Enquirer: 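Please find one structure pasted underneath; my questions will follow.
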Number of protein chains: 2
Amino acid sequence: MGTQTDAPRRYHHGNLREALLRRAEEVLAESGAGELSLRGIARDVGVSHAAPRRHFADKQALLDALAEDGFGRLAVALDASVGDDGRPFVERLAAMAEAYVGFAVGHAALLDVMFTGKHRPGVDASLLAAGARAFQAPLALVVAGQASGDVVPGDVERVATSAWAAIHGLASMANAGLLDAEALPGIVADTAERLVLGLRPRG
Amino acid sequence: MGTQTDAPRRYHHGNLREALLRRAEEVLAESGAGELSLRGIARDVGVSHAAPRRHFADKQALLDALAEDGFGRLAVALDASVGDDGRPFVERLAAMAEAYVGFAVGHAALLDVMFTGKHRPGVDASLLAAGARAFQAPLALVVAGQASGDVVPGDVERVATSAWAAIHGLASMANAGLLDAEALPGIVADTAERLVLGLRPRG
DNA sequence: GGATGATGTTGGCGTTGACAACTCTGTTGT
DNA sequence: ACAACAGAGTTGTCAACGCCAACATCATCC
């Protein structure tokens with residue numbers, strides 16, 4: 001269903017860009033990326049089919065904007081989840097894993113948009129930055145873990161990547177419908193636990 | 001570029017279904033799923049735009065067929081990689097992880113097709129079966145690991161899922177361009193190694 | 001050797017993304 | 001005050017696509 005108000009249609013919408021993004025994300029959440037059409041959201045917002053072009057050069061530009069926004073919100077969610085430094089490493093990692101997977105299943109289609117075509121030639125720099133920013137959270141967690149002796153020393157980026165892949169994999173598989181939604185929380189907890197064991201310094 | 005031969009165009013192609021699938025996969029590999037169009041591959045194969053309809057009810061049906069085929073080849077690759085029971089668990093897991101990630105980066109767009117919409121209502125049963133069949137390999141590996149005492153006991157499916165998510169996550173991230181292609185082999189090896197530690201029975 | 005069903009073909013409908021040319025409107029400079 | 005301007009939206013058009021219906025061709029089996 002559309003979202004346009006019956007308000008007196010002014011010629012200038014006033015905040016079309018934001019309105020389009022909002023509606024686009026609704027469509028994404030309701031019907032998936034396949035159903036998203038520029039003309040469709042233009043209709044829903046109550047504007048002509050060519051109006052979006054003023055704000056997004058092409059469809060991909062809109063998707064990129066959605067992705068960037070998504071990474072921003074993901075970063076916030078991850079930062080919020082991990083809590084302060086005082087908590088034990090195990091707990092912090094479990095909390096962050098839960099937050100990540102939670103975001104993923106809560107915004108399945110958006111996650112797809114976020115993770116497809118980042119390597120596309122000529123991606124917007126701000127999108128890449130937003131992605132990097134989101135991945136700062138797990139990175140910081142690994143740094144803290146190394147400092148507290150909970151994580152094997154070594155190249156932080158590498159350790160963090162390897163570790164976070166486990167969580168991302170869970171998210172990705174859940175997203176694809178391969179994981180029983182009901183069993184998911186338990187599996188996430190299990191994975192986090194085993195991750196801690198795998199990351200522990202030897203000896 | 002098209003692929004049609006200049007052979008004497010017979011009215012009946014003879015093996016159109018296979019030809020379409022082959023060409024579709026080429027397009028997938030060369031240009032990604034976004035560029036794949038039924039009319040396009042029909043052209044390339046040298047057949048009218050409506051001919052594919054005789055073999056695939058709609059575009060999704062063709063994608064499903066591609067996915068099913070992909071799962072089949074993935075299963076073969078995984079089965080081949082792990083080697084016989086005699087090899088140490090660590091080696092077998094590392095080999096399989098490498099094979100999985102190798103397949104993923106070697107068929108990035110195909111992997112996307114394989115893992116999107118499996119939970120779509122009304123998916124073909126044979127596609128689901130093919131997917132399950134591919135995931136039989138890691139499952140069997142976990143079973144063997146439990147038998148040899150390398151893997152913590154417990155619900156096989158659950159342990160295997162949690163473990164394989166780590167590998168799938170790597171594949172997914174590499175696929176999305178988040179992992180340096182050059183550093184990838186090392187990261188895969190690292191991850192496999194830490195996975196073994198995490199899976200090891202306690203005590 | 002003619003009916004029949006599988007396989008391709010032509011033609012067409014509705015939708016989409018992209019583009020060009022035009023119009024409306026708020027601002028700015030004089 | 002008001003003309004010029006630039007930003008924002010509009011209409012109109014095009015090529016491509018997915019899907020569908022109606023028709024054509026061919027191979028096979030009584």
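Since this is a predicted model, take the numbers as computed values, not measurements. Order of the sequence lines fixes the chain letters, A, B, ..., with proteins taken first and strands second; residue numbering starts at 1 for each chain.
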Enquirer: Rounded to the Å, how far apart are A/Phe56 CZ and C/dA18 P?
Expert: 13 Å
Enquirer: Would you please confirm or rule out a distance under 4.0 Å between OP1 or OP2 of C/dT16 and any side-chain N or O of A/Ser37?
Expert: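 So the side chain of A/Ser37 is within the cut-off, an N or O lying under 4.0 Å from OP1 or OP2 of C/dT16.
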Enquirer: Measure NE2/A/His49 against P/C/dC22 and give the value in whole Å, please.
Expert: 16 Å
Enquirer: Is B/Arg23 salt-bridged to B/Glu18, going by a charged N under 4.0 Å from an acidic O?
Expert: no
Enquirer: Which part of the nucleic acid, if any, lies within reach of A/His55 when heavy atoms closer than 4.0 Å are counted: base, sugar-phosphate only, or nothing?
Expert: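 Sugar-phosphate, no base atom in range.
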Enquirer: Expressed as a whole number of angstroms, how long is the span from B/Arg53:CZ to D/dG18:P?
Expert: 12 Å
Enquirer: Grab the CD-C1' distance between A/Gln60 and C/dG17 for me, whole Å please.
Expert: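 So the two atoms are 13 Å apart, to the nearest Å.
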Enquirer: Nearest 0.5 angstrom please: A/Leu28 CG to A/Asp112 CG, how far?
Expert: 8.5 Å
Enquirer: Taking the six-membered ring for Trp and the full ring for Phe, Tyr or His, determine whether the centres of B/Phe103 and B/Phe71 are under 6.0 Å apart.
Expert: no
Enquirer: Got a salt bridge between A/Asp190 and B/Arg158, using NZ or NE/NH1/NH2 to carboxylate O under 4.0 Å?
Expert: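 Salt bridge present between A/Asp190 and B/Arg158.
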Enquirer: Using heavy atoms to find the nearest nucleotide of DNA chain D for A/Arg39 and A/Arg54 separately, return the residue whose nucleotide is more 5′.
Expert: A/Arg54
Enquirer: Atom CD1 of B/Ile41 and atom C1' of D/dG18: how far apart are they, to the nearest Å?
Expert: 12 Å
Enquirer: State which of D/dG9, D/dG18, C/dA20 makes the closest approach to the side chain of B/Lys59.
Expert: D/dG18
Enquirer: Output yes when B/Lys59 and B/Asp64 qualify as a salt bridge under the 4.0 Å nitrogen-oxygen rule, no when they do not.
Expert: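 Salt bridge absent between B/Lys59 and B/Asp64.
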Enquirer: What is the distance, rounded to the nearest whole Å, between atom CG of B/Leu20 and atom P of C/dT7?
Expert: 13 Å
Enquirer: To the nearest Å, how far apart are B/Leu63 CG and D/dC17 P?
Expert: 15 Å
Enquirer: Side chain of A/Leu38 only, heavy atoms from C-beta on: which candidate in C/dG17, D/dC20, C/dA20 is closest?
Expert: C/dG17
Enquirer: In whole angstrom, what separates B/Arg43's CZ from D/dA15's P?
Expert: 14 Å
Enquirer: Counting side-chain heavy atoms from C-beta on, which of C/dC19, D/dG9, D/dC20 comes nearest to A/Ala51?
Expert: D/dG9
